[in-house]
Protein chains: 2
Amino acid sequence: MSSKVKKRTLIHDIARHLDVSIATVSLVLNGKAKQSRISDALAQRVLAYVEEVGYKPNHLAKSLRTGKTHVIGLVVEDISNPFFATVAWLIEKQAFERGYRIIYCSTDNDTSKAKELISMFQDRHVDGYIIVPSEGLEEQISTILHENIPVVLFDRYLPELPTNYIVVDGAKGMYEATQHLLDQGFSNIAFVTTDSKQTQMEARLEGYVQALQEHNRPQRIKRVDTTHSENILAEIHSFIRENRDCDAIIFSTNYLSIYGLEVITQQKLRIPEDLAVVSYDDHDLFRLYTPAITVIAQPIENIAKNVIDILLNELKHQTDRQTTAHQTVVLPTSLIVRQSSVRSEVQLPESTK
Amino acid sequence: MSSKVKKRTLIHDIARHLDVSIATVSLVLNGKAKQSRISDALAQRVLAYVEEVGYKPNHLAKSLRTGKTHVIGLVVEDISNPFFATVAWLIEKQAFERGYRIIYCSTDNDTSKAKELISMFQDRHVDGYIIVPSEGLEEQISTILHENIPVVLFDRYLPELPTNYIVVDGAKGMYEATQHLLDQGFSNIAFVTTDSKQTQMEARLEGYVQALQEHNRPQRIKRVDTTHSENILAEIHSFIRENRDCDAIIFSTNYLSIYGLEVITQQKLRIPEDLAVVSYDDHDLFRLYTPAITVIAQPIENIAKNVIDILLNELKHQTDRQTTAHQTVVLPTSLIVRQSSVRSEVQLPESTK
DNA sequence: ATGAAAGCGCTAACAA
DNA sequence: TTGTTAGCGCTTTCAT
């Protein structure tokens with residue numbers, strides 16, 4: 001009963017078999033045959049044999065030697081959130097085509113977990129970072145920058161930190177959504193957001209506030225404590241109950257909307273007759289809900305494309321991360337009007353996407 | 001303008017600073033101080049200094065040397081599917097506590113992509129695999145087994161392959177769901193599934209068929225071609241249209257149900273009056289939908305726990321993967337009855353979870 | 001109780 | 001054109 005554990009082929013084995021030196025094999029494998037003036041014939045022989053035995057270089061050894069892992073660390077808030085999942089998927093696809101692998105992790109918006117994850121990526125010697133930063137990550141990210149490793153933030157940024165980032169204009173998006181509700185004749189518009197001070201949340205709030213101020217309408221703002229998820233439902237519940245005179249409500253994230261819809265169902269309120277609803281971020285649920293929910297959608301493909309382009313570009317051109325100007329991109333959102341925010345079905349345009 | 005790129009501290013630096021040998025530092029760091037009879041005092045000094053300068057060993061070098069990466073590769077069908085996302089999250093949490101890291105990827109049920117991903121994990125020298133296998137992966141997984149690396153499958157298995165696996169009893173679950181519909185007085189029950197021959201899909205179908213046969217009821221089965229997602233909606237659309245005499249419909253996966261609900265909404269059918277609905281897998285959408293959708297739920301925590309326990313156990317006890325018996329676990333599903341499948345609201349039990 | 005030194009598999013500068 | 005060789009940073013045996 002022999003346990004045949006297959007041993008991997010080494011570069012040494014293939015060199016010996018072909019009776020050439022290890023260096024020759026390595027050079028050919030790394031596309032440096034030409035510049036080392038290795039004959040095409042030999043290069044072909046090497047390639048053919050490598051293919052035949054299915055030789056795969058040991059990445060660990062290679063990385064140890066070159067200092068490059070060709071891995072990008074992606075830190076998002078919650079990979080099971082469709083927004084982040086889709087962006088991550090698009091980024092991964094792009095990166096893969098260009099020879100990079102992505103490893104991703106969720107922070108659940110927990111700073112200490114985020115620190116741990118970034119630290120783990122440092123351990124793994126990732127070549128670059130894509131981070132959706134929770135608050136208090138300035139120092140850690142600063143450290144990365146000091147090691148001259150490229151970083152791109154998205155969804156939000158850290159105002160103190162001169163880094164590349166891609167965000168959307170959430171203030172404008174929310175302004176438009178609020179304006180839309182006012183246009184529809186809703187006059188008491190409530191706003192449910194998180195207690196977070198992150199840039200993207202503050203921007204969304206600001207858009208709401210500005211639109212209301214311009215129309216001299218009262219603000220009804222609820223900042224939900226999201227650190228204790230077991231209480232979210234109850235908090236929204238009492239907020240909606242205490243504001244029965246509101247005729248419209250905006251949720252600043254997709255998951256708050258999902259909780260919100262649950263509460264609205266429980267309280268047997270009709271949408272939009274009793275309460276019009278608008279959510280930030282699109283979602284299967286919002287398209288399919290009856291009535292369909294109006295949303296402020298983010299340009300997901302565009303976000304992903306910008307993120308990966310900027311990162312790969314930095315990876316290619318080793319510049320000094322501390323003196324070079326960083327790139328910042330602000331993309332527009334788009335309002336998708338559905339039944340949940342219109343006064344009567346007649347007024348609903350066909351473009352519910 | 002000097003670009004101060006911080007250099008990492010090496011084990012060598014810390015040894016020199018403390019005026020001890022590299023080996024001493026390494027031994028202390030790996031908890032082998034005692035067995036090497038290194039004085040507690042020295043061990044403490046080392047630990048203290050390591051802490052002070054924040055020294056982190058280079059994992060690449062460590063792995064190259066030891067042959068262990070402490071990384072587990074997790075290959076699922078689609079990480080943005082809440083079922084897989086939750087299982088992955090639970091697995092990651094467990095693994096993290098026991099010193100292992102998870103890197104995950106989605107196959108989108110594409111065998112060639114799955115092969116690529118597994119191959120990438122091999123490149124990265126993961127210590128073990130957790131795989132939701134798409135069809136045709138036998139050979140590749142076989143190769144892993146030959147290298148004596150632990151593998152655990154879940155959600156489905158490959159009948160040809162003697163491996164560890166965790167699955168649920170989908171046949172029984174579907175049998176119960178069908179039985180429930182019959183009990184409620186629905187008599188023409190349609191079944192929408194994929195064209196996949198994977199074990200879990202076949203089992204679900206089997207449960208449906210068996211229940212109907214026992215009651216001499218006709219079967220109405222639609223196998224949707226899921227490889228072209230742009231056609232799924234249309235396929236379900238015509239199936240439902242052509243089977244207007246059906247009074248109930250079961251979807252064999254959560255994403256088919258989501259498409260199904262969209263179609264049902266479009267056709268302005270009322271649930272459950274015109275068509276009762278049952279889905280496999282629970283989902284936010286199903287809880288919140290009006291009416292709430294009855295589901296066959298999987299024991300997610302239990303699946304995750306079994307998967308990681310078996311894998312970590314194998315990782316601990318290096319056995320011969322080719323001769324040792326493998327472990328197989330079959331877990332029960334549970335039927336969560338909601339409004340979408342009951343004849344009148346009165347009959348709905350309070351336990352909608 | 002501690003140190004020297006041999007690798008893990010690979011790359012690339014330098015020699016020939 | 002091709003081969004030799006010195007590391008990349010770490011673990012661990014063996015000698016002291």
Side-chain angles (χ1 to χ4, degrees), chain A residues 5-47 49-50 53-71 122-125 127 147, chain B residues 5-47 49-50 53-71 122-125 127 147:
Chain A
V5 174
K6 214 179 73 185
K7 242 182 52 198
R8 268 172 197 260
T9 307
L10 304 180
I11 195 170
H12 176 246
D13 300 328
I14 104 115
R16 197 174 39 187
H17 176 94
L18 294 174
D19 201 33
V20 298
S21 88
I22 289 178
T24 305
V25 178
S26 175
L27 258 8
V28 170
L29 252 26
N30 290 294
K32 297 186 176 161
K34 269 284 177 307
Q35 76 185 61
S36 308
R37 285 171 302 183
I38 290 170
S39 70
D40 281 1
L42 214 200
Q44 283 312 316
R45 265 208 316 143
V46 171
L47 258 11
Y49 185 66
V50 161
V53 298
Y55 164 74
K56 301 280 207 78
N58 181 328
H59 273 251
L60 290 169
K62 193 168 183 161
S63 295
L64 179 59
R65 185 58 237 242
T66 62
K68 299 265 149 272
T69 54
H70 281 263
V71 172
Q122 287 179 292
D123 284 3
R124 301 278 161 212
H125 293 250
D127 288 352
E147 292 185 359
Chain B
V5 174
K6 214 180 73 187
K7 244 182 53 197
R8 269 172 197 263
T9 307
L10 304 180
I11 195 169
H12 176 245
D13 301 328
I14 105 114
R16 199 176 36 187
H17 177 94
L18 294 174
D19 202 33
V20 299
S21 89
I22 290 179
T24 305
V25 178
S26 175
L27 258 8
V28 170
L29 251 27
N30 290 293
K32 296 185 177 160
K34 269 283 176 307
Q35 76 186 58
S36 309
R37 287 171 300 182
I38 289 170
S39 70
D40 281 2
L42 213 201
Q44 283 312 316
R45 263 204 323 140
V46 171
L47 258 10
Y49 186 66
V50 161
V53 298
Y55 165 74
K56 302 282 207 77
N58 181 328
H59 273 254
L60 291 168
K62 192 166 184 162
S63 295
L64 179 58
R65 184 60 236 247
T66 61
K68 299 264 149 269
T69 55
H70 283 264
V71 171
Q122 287 179 292
D123 284 2
R124 302 275 161 215
H125 294 250
D127 288 352
E147 292 185 359

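Chain naming here is simple, since letters A, B, ... match the order of the sequence lines and numbering starts at 1 in each. Just so you know, these numbers come straight off a predicted model, no measurement behind them.
At a threshold of 4.5 Å between non-hydrogen side-chain atoms, the residues B:Val71 and A:Arg124 count as touching. For the pair A:Leu47 and A:Leu29, the minimum side-chain heavy-atom distance is below 4.5 Å. Considering only heavy atoms from C-beta on, A:Leu60 comes within 4.5 Å of B:Thr69 through its side chain. Counting heavy atoms from C-beta on, the side chains of B:Lys62 and B:Ile11 never come closer than 4.5 Å.
B:Ser21 has no side-chain polar atom (N or O) that falls below the 4.0 Å cut-off from OP1 or OP2 of C:dT2. An OP1 or OP2 oxygen of D:dC10 is reached within less than 4.0 angstrom by no side-chain nitrogen or oxygen of B:Ser26. OP1 or OP2 of D:dT11 lies within a sub-4.0 Å distance of a side-chain N or O belonging to B:Asn30. At the phosphate of C:dC8, neither OP1 nor OP2 sits under 4.0 Å from any side-chain N or O atom of B:Thr66.
For the pair A:His12 NE2 and C:dG7 P, the interatomic distance rounds to 13 Å; values are reported in whole Å. The separation between B:Ile38 atom CD1 and C:dG3 atom P is 9 Å, rounded to whole Å. B:Ile14 places its CD1 atom 10 Å from the P atom of D:dC10, with the value rounded to the nearest Å. In this entry the distance linking CD of B:Gln35 with P of D:dC14 reads 14 Å, nearest Å. Remark: C1' of C:dT11 and NZ of A:Lys68 are 14 Å apart, rounded to the nearest angstrom. Rounded to whole Å, atom P of D:dT2 lies 16 Å from atom CD1 of A:Ile22. In this entry the distance linking CG of B:Leu27 with P of D:dT13 reads 9 Å, nearest Å. In this structure, B:Arg124 atom CZ and C:dC10 atom P are separated by 14 Å, rounded to whole Å.
In plain terms, the two heavy atoms of B:Ser36 and B:Leu27 that are nearest each other are OG-CG, 3.5 Å. Summarising the geometry of A:Lys56 relative to B:Asp123, their closest heavy-atom pair is NZ-OD1, 3.3 Å, with the distance given to 0.1 Å. Considering all non-hydrogen atoms of both residues, B:Asp127 and B:Lys68 come closest at OD1-CA, 3.6 Å.
Contact of A:Arg65 with D:dG7 (side chain to base): a donor-acceptor pair of N or O atoms is detected under 3.5 Å.
Comparing A:Ala23 and B:Ser36 against DNA chain C, the residue whose closest nucleotide sits nearer the 5' end is B:Ser36. The residue among A:Leu42 and B:Thr9 whose nearest nucleotide of DNA chain D lies closer to the 5′ end is A:Leu42.
Residue B:Thr24 is classed as a sugar-phosphate contact, given heavy-atom separations below 4.0 Å to backbone atoms only. Residue A:Leu10 is classed as a sugar-phosphate contact, given heavy-atom separations below 4.0 Å to backbone atoms only.
Near DNA chain D, defined here as any heavy-atom distance below 4.0 Å, the residues from residues 54-63 of chain B are B:Tyr55, B:Pro57, B:Asn58, B:Ala61, B:Lys62, listed numerically.
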